[in-house]
Every structure is written in structure tokens, then in C-alpha cells.
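Remarks on the structure that follows.
Positions are given from 1 along the sequence. For ligands, and for the atoms within them, numbers begin at 1 and follow the listed sequence.
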Amino acid sequence: MDSRLDRLASMGIDVWRSRLKPPFGPQDATMPESPDLDIPVPPLNMDIIADWQELEAAVKDCCRCPLHETRTQTVFGVGDRTAQWMFIGEAPGEQEDLKGEPFVGRAGQLLDEMIKAIGLAREEVYIANVLKCRPPNNRDPAPVEATACESYLLSQVALVKPAIIVAVGRIAAQHLLKTTVAIGKLRGIVHDYRSIPLVVTYHPAYLLRSQTEKRRAWDDLKLARRTVRGQR
Ligand code: SF4
């Protein structure tokens with residue numbers, strides 16, 4: 001059993017364990033199953049690439065799904081590759097596709113502010129998306145695209161080894177947790193993503209439209225910060 005998650009649970013922090021097996025490290029057959037797992041989990045035949053250069057090259061030339069035909073460029077991920085905090089969004093938008101960097105533009109600036117609020121700079125966390133290529137017209141990622149791209153994200157998580165993952169927005173949260181549960185019900189809980197604590201928060205693009213939810217997003221970040229610190 002993972003000691004960090006056990007410690008959090010023993011301190012009264014709600015930990016929701018999933019049936020997702022870690023792609024790296026020992027698997028725990030005794031891990032209780034999460035009730036939120038309602039999307040079939042793809043078989044764990046993922047090719048984890050344990051080298052940053054190799055991984056970047058694989059993503060850059062990837063043609064695994066039809067999105068390679070419409071992208072300007074792939075959007076790999078940015079930040080500290082040894083960061084404690086990893087933020088994961090859904091997919092590049094128009095500006096990200098043009099710039100080749102996740103979370104730029106107004107939503108990106110708000111994410112930067114959220115990161116700053118927890119005492120960190122953008123360069124001190126790692127930021128990635130579920131998809132590395134932009135879906136046309138910013139539509140939601142199709143399941144087949146998310147599945148095709150999944151091993152790249154798993155490789156990034158395995159390389160960064162974050163102490164906490166923040167799932168940014170409904171799509172990222174539902175994809176990572178393999179669930180269709182509404183984001184409102186996924187918030188406020190520490191989930192177990194392959195033995196790494198995961199907290200769900202709103203997407204900054206949504207927060208730009210719904211200013212009143214900013215307080216809830218701050219609550220999410222405080223929960224994540226307490227989780228990293230191992231505090232209540
Ligand atoms: S979205 Fe992912 S799987 Fe699809 S082409 Fe881009 S990098 Fe490859």
C-alpha cells in the first residue's frame with residue numbers, strides 16, 4: 001500500500017482509491033476499488049518511455065490519431081521536470097497549438113496566478129495536457145484520441161514523479177480518473193491516480209466566465225497544498 005496515501009487517509013483527508021494500476025513501481029492487488037471508475041480502463045500495454053529526449057521525439061512525430069493531420073505542432077509540456085506539482089489539462093487550444101506550449105493566453109495567465117497563489121512560479125511546476133495535439137475547433141477530445149495519447153502522459157508522470165497532480169477541468173479529471181462523474185462531485189477529495197494523490201479543480205477558462213467559482217478553485221488548491229505538506 002502506498003505510504004503517502006495511507007498517511008493522508010490516517011490524518012482524516014478523504015482519499016478515493018482507484019483501480020488504475022501504476023504504470024511504474026509495484027502494483028497492489030489489495031488496493032480497494034474506487035466507486036467512481038465507470039469508464040473502461042484500457043489494458044495496461046502502454047509503452048512507457050523513460051527518457052525525456054526519446055519521449056519528446058516520439059510526441060513530435062506522432063501520427064497515432066487523426067489529430068496529427070490538423071495540428072500546427074504538438075504541445076508537449078513545460079516546466080520543472082522534477083516538480084512536486086503537476087498540472088494536467090485537457091488539450092491544446094488555438095493559441096497553444098500556435099505557440100507549442102500548454103496554458104497560454106488568458107486562461108494560462110489565470111493558471112499562472114493560481115500557481116502563484118500557492119507560492120510557486122510557473123517554472124517550478126510541470127504543466128501538460130491529456131492530448132498533445134489540438135482538436136479542431138477546440139472540441140472535446142474523443143475517447144479514441146485520449147487513449148492513443150495516454151502513454152505519453154503516463155510517461156511524463158513517471159518521469160516527473162510529482163507529489164501531487166492537479167487535474168485542471170472536467171475533461172482532464174474525467175479522463176484521468178476514468179469516470180463520467182460531474183466535476184462538482186470530484187472536487188474536495190484526494191483521489192489516487194496510480195498511487196499519486198490527485199486533486200480536481202476547475203479549468204481557468206471556466207473560471208474566467210464564472211468568477212464566483214474562484215473561491216472554490218482556491219479551496220481545491222489549498223487541499224492540494226495540504227496534501228503535499230501532509231497536513232490536514
Ligand atoms: S493527440 Fe497524441 S496520439 Fe494523437 S497525434 Fe497527437 S500526440 Fe499523437
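Using a 4.0 Å cut-off between charged side-chain N and carboxylate O, Lys222 and Asp219 make a salt bridge. Using a cutoff of 4.0 Å between basic side-chain nitrogens and carboxylate oxygens, Asp220 and Lys214 are not scored as salt-bridged. Glu145 has no carboxylate O lying under 4.0 Å from a charged side-chain N of Arg71, or vice versa, which leaves the two without a salt bridge.
With sequence neighbours excluded, the residues forming a side-chain contact (heavy atoms from CB on, under 4.5 Å) with Glu124 are Leu120, Ala121, listed by chain and number. Listed by chain and number, the residues in a side chain to side chain donor-acceptor pair (under 3.5 Å) with Thr70 amount to none (sequence neighbours excluded).
The list of salt bridge (Lys or Arg N to Asp or Glu O under 4.0 Å) pairs with a residue in residues 91-115, not counting sequence neighbours, reads Glu101-Arg122, Asp112-Arg122.
Note on atom 6 (Fe) of ligand 1: protein N, O or S atoms under 2.8 Å away count 1, no waters included.
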